[in-house]
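Notes follow once the structure below has been shown.
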Amino acid sequence: MEIKRDLYLTKLIRSMHNGMIKVVTGIRRCGKSYLLFNLFNDYLKTQGVDDEHIIKVDLEDRRNKKLRNPDALLEYIDARIAKEGMHYVMLDEVQWVDEFEDVLNSYLKIPNVDVYVTGSNSKFLSSDVITEFRGRGDEIKVAPLSFSEYFSVFNGSREEAMEEYMTFGGLPKIATMQTNEEKMKYLQTLFKKTYITDILERYKIKNEEELEELINILASSIGGLINPNKLVNTFKSVKNVSISPNTVSFYLEILQEVFMVEKSIRYDIKGKKYIDTPAKYYFADLGLRNARINFRQHEVTHLMENLIYNELRIRELLVDVGVVVVNTKNEEGKSQRKQLEVDFVCNEGSKRCYIQSALRLPNEEKREQELRSLMNISDNFQKFVITEDPIKRYQDENGIVFMNIYEFLLDKESLKI
């Protein structure tokens, strides 16, 4: 079974011969290697590129351990480059190589070499590495399967696919498994044996229990606001463990660096300013999130919010959590300021839209509750409500567009007006 990753394959094709190092990043097991070594490799062959001009090295494979030495890798690649014809160098998990920046930079000025690499750590493209690449690093970030990609190979209805996707997520291997038991074991083993082990080894963390407990808290809190000080108090009151805010912040940074979670900070829409804490953290894959808490908490409202966030990021929108401050009166008639939340403020250049995730809109009271924040935004950017209710897309008298979750996920133009 081949799952087409046309979004990312197209990006690779467009980046060919641009004089830059193409860097494919993303969480481990999201399909980076398959994209490069299979889909892109097959495309090159359709364009008449022969095998001798495609140089592939899987640096995660222990058989290639000696090539993790930068000089040995350089020598190996050089020996396979002829004077004539374009050569395509593909290096998988290049962060295994010491001084990999020097190796890659060595090919920037060779006109008949086009370099593509994968990495699973976002520090791989931090500002210092970009500097080392002399501004010639071109990042292509790969996510786990989107719902539309998952559904394209799913044998069943879209409702059945959604139930599976919200439970087991979109890591490509999951789409090939037949039983729930297989999927659960795979995700739990992957989390423990790969992700946690990687983090402990890469960042030299000695207190594994603290890190794992923080991941558990994040997994139980998707859709909720998080800040380091609050987490410190949680560790103290629930686990009777003393941990510093700096340590918590460090762990949160690590989880973002390995693409396990993404942070979405709050934006005061009326005040036009960012509020750095608290923030929300969304998991890159719902299956990994569920595996972390042994598939116990299946709150569809929060899972759908995380799902929508991931889809927005796949579409390369910048996504913040919106805050609308309004003046209201309490029961005694005294004025008070209240913060209303807009689930997502999405930006693409000068374009913007606001999105509210509402699992159900069963009555007028619930509808008014979900719309209140949107109704208090005075600008003219488009506003959307995404719901699981079986509705056809429509726009109400206030200009707010309502759509079903399946239309949003399966129609890439669903946010276009």
### Query
Within the distance-only criterion (no hydrogens, no angle test), does the side chain of Gln356 pair as donor or acceptor with the backbone N or O of Glu341 below 3.5 angstrom?
yes

### Task
Report yes or no: does Tyr165 contribute a side-chain atom to a donor-acceptor pair with the main-chain N or O of Leu145 at less than 3.5 Å?
yes

### Query
Are any of the side-chain nitrogens in Asp58 or Arg63 under 4.0 Å away from the carboxylate oxygens of its partner?
no

### Query
Do Tyr34 and Arg29 come within less than 4.5 Å of each other through their side chains, counting heavy atoms only?
no

### Arg289/Glu305 ion pair, N-O < 4.0 Å
no

### Query
What closest approach, in Å, do Arg5 and Pro172 show between heavy atoms, and which atom pair accounts for it?
NH1-CG, 4.2 Å

### Query
Ile205 versus Ile254: any side-chain heavy-atom pair under 4.5 Å?
yes

### Query
For the side chain of Glu164 and the backbone of Asn180, is there at least one donor-acceptor N/O pair under 3.5 Å apart?
no

### Task
Could you tell me which non-hydrogen atom of Pro144 sits nearest to which non-hydrogen atom of Ile314, and how far apart they are?
O-CD1, 4.4 Å

### Query
Say you draw a straight line from CG of Leu361 to CD of Gln369; how long is it, rounded to the nearest 0.5 Å?
10.0 Å

#### Entry: Tyr195 and Phe191 aromatic ring geometry - parallel, tilted or perpendicular at 30°/60° bounds
perpendicular

### Message
I'd like to know if the side chain of Asn207 pairs up with that of Tyr251 as donor and acceptor (distance under 3.5 Å, no hydrogens or angles considered).
### Response
no

### Task
Check for a donor-acceptor pair, side chain of His87 on one end and backbone N or O of Ala82 on the other, with a separation under 3.5 Å.
yes

### Query
Is the closest side-chain donor-acceptor distance between Asp78 and Tyr107 under 3.5 Å?
yes

### Message
Tell me the closest heavy-atom pair linking Gln339 and Arg266, and the distance in Å.
### Response
OE1-NH1, 3.2 Å

### Task
Decide yes or no for Ile174 and Glu182: does some side-chain heavy atom of the first lie under 4.5 Å from some side-chain heavy atom of the second?
no

### Query
Using 30° and 60° as the class limits, which term best fits the ring planes of Phe147 and Tyr406: parallel, tilted or perpendicular?
tilted

### Query
So does Arg202 pair up with Glu257, basic N to acidic O under 4.0 Å?
no

### Task
Answer yes or no: is there an ion pair linking Glu370 with Arg360, defined by an N-O contact shorter than 4.0 Å?
no

#### Entry: Shortest non-hydrogen separation from Asp268 to Ile275 and the atoms involved
CB-CD1, 4.2 Å

### Message
Please identify which of these residues, Arg393, Glu407, Arg315, meets the side chain to side chain donor-acceptor pair (under 3.5 Å) condition with Ser414.
### Response
Arg315

### Task
Answer yes or no: is there a side-chain heavy-atom contact under 4.5 Å between Leu225 and Lys280?
yes

### Query
CD1/Ile308 to CZ/Phe384 distance, rounded to the nearest 0.5 angstrom?
12.0 Å

### Task
Check the pair Asn69 / Asp98 against side-chain contact (heavy atoms from CB on, under 4.5 Å), numbers first and verdict last.
CA-CA 7 Å; Asn69 176 285; Asp98 292 332; over 6 Å; no

### Heavy-atom side-chain proximity of Ile269 to Tyr354 below 4.5 angstrom
yes

### Query
Think Lys22 forms a cation-pi with Tyr116, using NZ or CZ under 6.0 Å from the six-ring centre and within 45 degrees of its axis?
yes

#### Entry: Short N-O contact, Asp276 and Lys263, less than 4.0 angstrom
yes

### Message
Rounded at 0.5 Å granularity, tell me how far OG1 in Thr118 sits from CG in Leu91.
### Response
8.5 Å

### Message
Looking at Asp396 and Arg367, is there a salt bridge between them, counting it only when a charged N and a carboxylate O are closer than 4.0 Å?
### Response
yes

### Message
Are there over 12 heavy-atom neighbours, none belonging to Glu159, within less than 6.0 Å of that residue's CD?
### Response
yes

### Query
Residues two or more places apart in sequence or in another chain: which of them pass side-chain contact (heavy atoms from CB on, under 4.5 Å) with Lys230?
Asn227

### Message
Minimum heavy-atom separation for Leu59 and Val94, please, with both atom names.
### Response
CD1-CA, 3.7 Å

### Message
For Met184, give me all partners under side-chain contact (heavy atoms from CB on, under 4.5 Å), at least two apart in sequence or on another chain.
### Response
Phe168, Phe295

#### Entry: Side-chain ion pair, Glu311 and Lys412, N-O less than 4.0 Å
yes

#### Entry: Glu208/Lys192 salt bridge by N-O under 4.0 Å criterion
yes

### Message
Just verifying a value: how many Å separate Tyr281 OH and Asn306 CG, rounded to the nearest 0.5 Å?
### Response
14.0 Å

### Task
Classify the side-chain pair Asn155/Glu160 by whether it contains a donor and acceptor separated by less than 3.5 Å.
no

### Task
Taking the side chain as every heavy atom from C-beta outward, state whether Leu318 and Arg352 have any atom pair closer than 4.5 Å.
no

### Query
Ignoring hydrogens and geometry, is there a side-chain-to-backbone donor-acceptor pair from Asn18 to Met20 under 3.5 Å?
yes

### ring-ring contact (aromatic ring centres under 6.0 Å, His included) partners for His302, two or more places apart
none

### Message
Under 4.0 Å between a side-chain nitrogen and a carboxylate oxygen: does that hold for Arg292 and Glu212?
### Response
yes

### Query
Just how far is it from atom CG of Leu36 to atom CG of Leu9, taken to the nearest 0.5 Å?
10.5 Å

## Note on the structure
In terms of heavy-atom contacts, Met162 and Leu307 come closest through SD-CD2, 3.7 Å

### OG1 on Thr387 to CZ on Phe408, rounded to 0.5 Å
13.0 Å

#### Entry: Salt bridge Asp6-Lys4, side-chain N to carboxylate O under 4.0 Å
no

### Message
Can you tell whether the side chains of Glu93 and Lys32 come within less than 4.0 Å, N to carboxylate O?
### Response
yes

